[in-house]
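For reference, the structure is listed below as structure tokens.
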Amino acid sequence: MEHQLVICIKNKGYEASLKARKLYEAIPDPKAEKHQQIRVIDESGEDYLFPKELFVTVELPKPVEEAIFKEA
């Protein structure tokens, strides 16, 4: 599975599932992208679809990303 990191920039309507300003793992889902959605592993530890506008993609240095995913 390809890893992608995103930051939640707003969580209105999804307060129980997402925390604003928190880093999340996104899972590639081409079908969801066609509908302006993104598949994210939320606070429950499960992946769900959310509006893409709630997130911004981030790129971190390779050692940082490796450390994050190693701990996950």
Side-chain angles (χ1 to χ4, degrees):
M1 172 171 33
E2 182 184 323
H3 296 286
Q4 181 180 21
L5 294 172
V6 295
I7 293 180
C8 178
I9 56 171
K10 53 187 167 183
N11 66 343
K12 187 173 174 111
Y14 300 94
E15 292 86 353
S17 302
L18 301 170
K19 293 183 180 181
R21 300 179 304 278
K22 183 172 178 181
L23 192 66
Y24 289 94
E25 181 179 355
I27 300 170
D29 186 334
K31 205 173 195 181
E33 288 178 28
K34 290 180 185 177
H35 299 283
Q36 299 300 309
Q37 294 184 317
I38 185 171
R39 186 170 297 282
V40 172
I41 299 175
D42 72 0
E43 292 300 309
S44 72
E46 299 293 323
D47 63 280
Y48 292 98
L49 292 175
F50 295 98
K52 198 170 185 175
E53 69 210 24
L54 301 180
F55 301 91
V56 173
T57 302
V58 293
E59 290 191 32
L60 299 172
K62 189 101 172 132
V64 175
E65 278 194 19
E66 288 173 355
I68 288 171
F69 289 120
K70 183 178 180 182
E71 295 299 317

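All values below were derived from every heavy atom in this structure, side-chain atoms included, with hydrogens, water molecules and symmetry-related copies excluded.
- Going from atom NZ of K31 over to atom NZ of K34 covers 8.5 Å, rounded to the nearest 0.5 Å.
- Connection of V40 to V58 is not established within any shared hydrophobic cluster, with ILVMFWY side chains joined at heavy-atom distances below 4.5 Å, either directly or through further cluster members.
- Grouping Ile, Leu, Val, Met, Phe, Trp and Tyr residues whose side-chain heavy atoms lie under 4.5 Å apart, directly or via other members, leaves L49 alone, with no other cluster members.
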Donor-acceptor pairs under 3.5 Å, side chain of residues 11-21 to any protein atom, not counting sequence neighbours: which ones?
| from | atom 1 | to | atom 2 | distance (Å) |
| --- | --- | --- | --- | --- |
| N11 | ND2 | L18 | O | 2.9 |
| E15 | OE1 | G13 | N | 3.2 |
| E15 | OE2 | G13 | N | 3.2 |

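- The two residues F55 and I9 make their nearest non-hydrogen contact at N-CG1, 4.1 Å.
- With rounding to the nearest 0.5 angstrom, the OG1 atom of T57 is 7.0 Å from the NZ atom of K52.
- Minimum heavy-atom separation, L5 to E25: CD2-CA, 4.4 Å.
- Residue L60 is not grouped with residue Y24 when hydrophobic side chains (ILVMFWY) are merged at heavy-atom distances under 4.5 angstrom, including chains of intermediate members.
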Mind running side chain to side chain contact (heavy atoms under 4.5 Å, CB included) on D47 and D29 for me, showing each step along the way? CA-CA 11 Å; D47 63 280; D29 186 334; over 6 Å; no
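- Legend: residues meeting side chain to side chain donor-acceptor pair (under 3.5 Å) with Q37, ordered by chain and number and at least two apart, are absent.
- Here the closest heavy-atom approach between residue K10 and residue E53 is recorded as CE-O, 3.5 Å.
- Here the closest heavy-atom approach between residue Q4 and residue F69 is recorded as N-CZ, 4.3 Å.
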